[in-house]
**Student:** 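Handing you this structure, nothing more for now.
Every number for a ligand or one of its atoms is a count from 1 in the order of the listing. Note that this is a predicted model, so its numbers are computed, not measured. Sequence positions, counted from 1, serve as the residue numbers for this chain.
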Amino acid sequence: MSQKHFKLLILGAGSGGISVAARMKSKINPTDIAIIDPSDTHYYQPLWTLAGAGVIKKEKSFKLQKDLIPKGVQWIQRSVVDIDPSQKKVSLKDGTSVGYDFLVVALGLRLAWEKIKGLDGHLGKNGICSIYEYNQVDSTSAMLNEFKGGRAIFTMPPVPIKCAGAPQKIMYLADDIFRKNGVREKSTVNFATAGKVMFGIPVFSKALDEVVKRRAIETMFQHKLTAVDAALKTATFEVTDAQGVVSENLIKFDLLHVVPPMTAPTIIINGPLSAKEGDQKGWLSVNKFSLQHTVFTDIFGIGDVTGVPNSKTGAAVRMQAPVVVKNLLDAMAGKPLSGSYNGYSSCPLITGFGKVILAEFGYDGKLMPSFPIDATKERKSMWHLKKDLLPTLYWKAMLKGRL
Ligand code: FAD
């Protein structure tokens with residue numbers, strides 16, 4: 001690493017980091033931009049739901065990072081261990097540091113597997129699976145396809161999580177697989193969610209109520225998975241009743257699809273950039289419209305790490321990227337910020353093989369449909385959008401700064 005100071009430093013080369021780098025490289029000299037990320041692979045995570053059900057091969061979801069970092073932009077393949085906004089520098093795991101004029105934090109979030117007692121070392125075995133890790137996707141597909149009947153539980157932790165629809169999308173695909181394999185009649189399928197409803201936006205929640213009813217899936221609301229006994233095949237849930245009284249429910253399972261609780265990365269939670277109180281406590285403290293840090297005006301945030309009341313998705317990142325770039329350029333020019341993010345997020349809710357409800361919404365649950373059709377209906381066209389069109393747009397347009 002020859003240069004130790006950059007006009008623009010981006011932390012994280014996931015969906016958000018690459019999108020911002022790709023857009024900024026034509027606005028300022030690319031050699032003034034550096035992006036820090038230790039990972040030599042980049043994942044299009046939305047495909048893990050389909051791969052976990054055996055619809056596509058998981059390898060379709062990844063590319064090498066070196067082929068995605070925009071030309072001219074310097075990639076520092078290291079882990080960030082500390083951010084010091086007063087000195088305008090970040091420290092790396094190898095003991096070096098890098099300075100910046102402007103910083104974009106795009107570190108994603110952390111899967112807090114350790115919050116589920118007894119799970120460590122048992123994912124991918126004893127009927128316990130998850131689509132939330134690339135290397136667990138194949139064992140998930142195998143377990144769903146080899147399921148012989150019994151109780152299959154699909155869990156959903158408290159929000160915020162990335163893609164709040166994915167925990168139930170995989171369940172609907174699983175339900176179809178069980179039916180195809182003739183084991184559904186001797187099975188109970190449970191959706192055990194920490195939430196009180198199927199989905200945070202009422203019209204889509206209502207549509208999903210119909211889907212679970214049609215599929216005879218038994219819902220268990222306000223059930224938060226806290227522990228697993230892999231040998232006994234039992235799952236412990238913390239249950240909150242209507243009066244707020246908390247109790248424990250121990251359930252035997254034959255198949256358990258686990259979605260872990262999620263937090264901001266530890267360096268954000270413990271560092272000076274997180275919100276110290278309120279609903280977004282622990283997440284990167286940014287203005288929900290400008291995405292500028294609430295204290296340090298030379299810092300912006302994008303993606304899952306940001307503490308904004310939206311739904312954490314790649315679709316949200318797509319709408320945030322042009323706003324961050326606009327505001328970065330304004331800030332660099334000393335002008336008032338002109339970009340504003342409206343909270344847009346989208347979740348293609350897979351409700352079975354060949355069926356998707358395309359949920360699109362912004363801040364305060366405002367519906368933001370892209371197409372002039374009834375968005376609450378299950379559609380084959382949206383299945384193709386999710387499976388075929390969106391991945392292509394991601395690799396070829398969004399990561400190139402064209403979408
Ligand atoms: P990421 O893309 O996760 O990137 C974060 C980057 O930061 C990574 O490259 C990581 O290596 C890097 N990093 C982390 N720590 C450090 C460090 N200390 N130093 C340097 N670099 C670091 N979204 C949708 O829009 N639609 C969907 O249907 C959908 N389905 C999903 C299904 C599943 C199963 C999952 C897991 C996700 C899904 N998502 C979906 C969500 C979507 O993938 C994320 O919201 C999106 O990737 C967020 O982008 P990001 O840049 O914030 O984080």
**Student:** Measure the distance from atom 52 (O) of ligand 1 to every protein heavy atom, then report the residue, atom name and distance (to 0.1 Å) of the closest one.
**Tutor:**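 That would be D304 N, 2.8 Å.
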**Student:** Considering only non-hydrogen protein atoms, determine which one is nearest to atom 22 (C) of ligand 1 and report residue, atom name and distance to 0.1 Å.
**Tutor:** L107 CD2, 3.5 Å
**Student:** So with a 6.0 Å cut-off around NZ of K326, is the heavy-atom count from everything else above 12?
**Tutor:**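 Counting neighbours around NZ of K326, 12 or fewer heavy atoms of other residues, nucleotides or ligands fall under 6.0 Å, so no.
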**Student:** Backbone or side chain, does any N or O of A315 fall under 3.5 Å from an N or O of ligand 1?
**Tutor:**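 Yes, at least one N or O pair falls under 3.5 Å.
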**Student:** Counting only heavy atoms from other residues, nucleotides and ligands, does the tally under 6.0 Å from CG of D364 exceed 12?
**Tutor:** no
**Student:** May I ask you to list the atoms of ligand 1 that are less than 4.0 angstrom from any heavy atom of G303?
**Tutor:** 52 (O)
**Student:** Starting from atom 42 (C) of ligand 1, find the nearest protein heavy-atom neighbour and note its residue, name and distance.
**Tutor:**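 Looking only at protein heavy atoms, the one closest to atom 42 (C) of ligand 1 is G314 N, 3.5 Å.
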**Student:** Any non-hydrogen atom of K386 lying under 4.0 Å from ligand 1?
**Tutor:** yes
**Student:** Report the nearest protein non-hydrogen atom to atom 4 (O) of ligand 1: residue, atom name, distance rounded to 0.1 Å.
**Tutor:**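 Nearest neighbour among protein heavy atoms for atom 4 (O) of ligand 1, to 0.1 Å: G14 CA, 3.2 Å.
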**Student:** Using distance alone, decide if ligand 1 has a nitrogen or oxygen within less than 3.5 Å of any nitrogen or oxygen in G16.
**Tutor:** yes
**Student:** Give a yes or no on this: more than 12 heavy atoms of other residues, nucleotides or ligands lie within 6.0 Å of atom NZ of K355.
**Tutor:** yes
**Student:** Please confirm whether K169 comes under 4.0 Å of ligand 1, counting heavy atoms of the residue only.
**Tutor:**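 Right, K169 reaches ligand 1.
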**Student:** With heavy-atom distances below 4.0 Å as the criterion, list the atoms of ligand 1 near I36.
**Tutor:**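 Contacts of ligand 1 toward I36, numbered from 1: 20 (C), 21 (N).
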**Student:** Any salt bridge between D209 and K206, counting N to O under 4.0 Å?
**Tutor:** no
**Student:** Just to confirm my output: which protein heavy-atom neighbour is closest to atom 21 (N) of ligand 1, and how far is it?
**Tutor:** P38 CD, 3.4 Å
**Student:** Are more than 12 heavy atoms, taken from residues, nucleotides or ligands other than N135, located less than 6.0 Å from that residue's CG atom?
**Tutor:**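 Atom CG in N135 is packed in, count exceeds 12.
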**Student:** Any N or O of T49 that comes nearer than 3.5 Å to an N or O of ligand 1?
**Tutor:** no
**Student:** Could you tell me which atoms of ligand 1, counted from 1 in the order shown, lie closer than 4.0 angstrom to a heavy atom of S79?
**Tutor:**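 Answer for ligand 1: 19 (N).
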**Student:** Is there a nitrogen or oxygen of R78 sitting under 3.5 Å from a nitrogen or oxygen of ligand 1?
**Tutor:** no
**Student:** Which residue from T306, D40, D37, V80 reaches closest to atom 18 (N) of ligand 1 through any of its heavy atoms?
**Tutor:** V80
**Student:** Looking at F361, is K366 sitting on its ring face, NZ or CZ under 6.0 Å from the six-membered ring centre and within 45 degrees of the normal?
**Tutor:** no
**Student:** Any nitrogen or oxygen of S39 lying under 3.5 Å from a nitrogen or oxygen in ligand 1? Just yes or no.
**Tutor:** no
**Student:** Counting both backbone and side chain atoms, is some N or O of Y132 under 3.5 Å from an N or O of ligand 1?
**Tutor:** no
**Student:** Using a 6.0 Å distance limit plus a 45 degree cone around the ring axis, check whether K66 lies over the aromatic ring of W75.
**Tutor:** no
**Student:** Just distances here: any N/O of C163 and N/O of ligand 1 closer than 3.5 Å?
**Tutor:**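 No; the residue has no nitrogen or oxygen that sits under 3.5 Å from a nitrogen or oxygen of the ligand.
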**Student:** At under 4.0 Å between heavy atoms, which part of P348 makes contact with ligand 1: side chain, backbone, both or neither?
**Tutor:** side chain
**Student:** Polar contacts were defined as any N/O atom of the residue lying under 3.5 Å from an N/O atom of the ligand; does this apply to I131 and ligand 1?
**Tutor:** no
**Student:** Would the number of heavy atoms belonging to other residues, nucleotides or ligands and lying under 6.0 Å from NZ of K213 be above 12?
**Tutor:** no
**Student:** Report the C-alpha separation of F62 and Y44 in whole Å, then their side-chain angles, then the decisive distance to 0.1 Å, and conclude whether the ring-ring contact (aromatic ring centres under 6.0 Å, His included) test is met.
**Tutor:** CA-CA 6 Å; F62 101 86; Y44 178 58; over 10 Å; no
**Student:** So is K58 actually on top of Y134's ring, under 6.0 Å and inside 45° of the axis?
**Tutor:**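 Ring-cation test returns yes.
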**Student:** Whether R184 and D175 form a salt bridge (side-chain N of Lys/Arg under 4.0 Å from carboxylate O of Asp/Glu) is what I want to check.
**Tutor:**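 Yes, D175 and R184 are salt-bridged.
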**Student:** Measure P46 to ligand 1 on non-hydrogen atoms and call it side chain, backbone, both or neither using the 4.0 Å cut-off.
**Tutor:** both
**Student:** So for ligand 1, is Q45 a polar contact partner (N or O within less than 3.5 Å, distance only)?
**Tutor:**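 Among all N and O atoms of Q45, at least one is under 3.5 Å from an N or O of ligand 1.
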**Student:** Looking at R110 and E114, is any side-chain nitrogen of the basic one under 4.0 Å from a carboxylate oxygen of the acidic one?
**Tutor:**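 Looking at R110 together with E114, the answer is yes, because their closest N to O distance falls below 4.0 Å.
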**Student:** Under 4.0 Å between a side-chain nitrogen and a carboxylate oxygen: does that hold for D254 and R151?
**Tutor:**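 A salt bridge is absent here (no side-chain N lies under 4.0 Å from a carboxylate O).
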**Student:** Once you measure the plane-to-plane angle for Y341 and Y363, does it fall in the parallel (<30°), tilted (30-60°) or perpendicular (>60°) bin?
**Tutor:**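 Ring orientation of Y341 relative to Y363: perpendicular.
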**Student:** Do the charged groups of D304 and K312 touch, with an N to O distance under 4.0 Å?
**Tutor:**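 No, no charged N to carboxylate O under 4.0 Å.
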**Student:** So is A106 close enough to ligand 1, meaning a heavy atom under 4.0 angstrom away?
**Tutor:** yes
**Student:** Any idea which protein heavy atom is nearest atom 2 (O) of ligand 1, and the distance to it?
**Tutor:**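 Among all protein heavy atoms, the one nearest atom 2 (O) of ligand 1 is S15 N, 3.1 Å.
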**Student:** Looking only at protein heavy atoms, identify the closest one to atom 53 (O) of ligand 1 and say how far it is in Å.
**Tutor:**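 Result for atom 53 (O) of ligand 1: G108 CA, 3.5 Å.
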**Student:** Does an N or O anywhere in W48 fall below 3.5 Å from an N or O of ligand 1?
**Tutor:**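 No, since none of the N or O atoms of W48 sits under 3.5 Å from an N or O of ligand 1.
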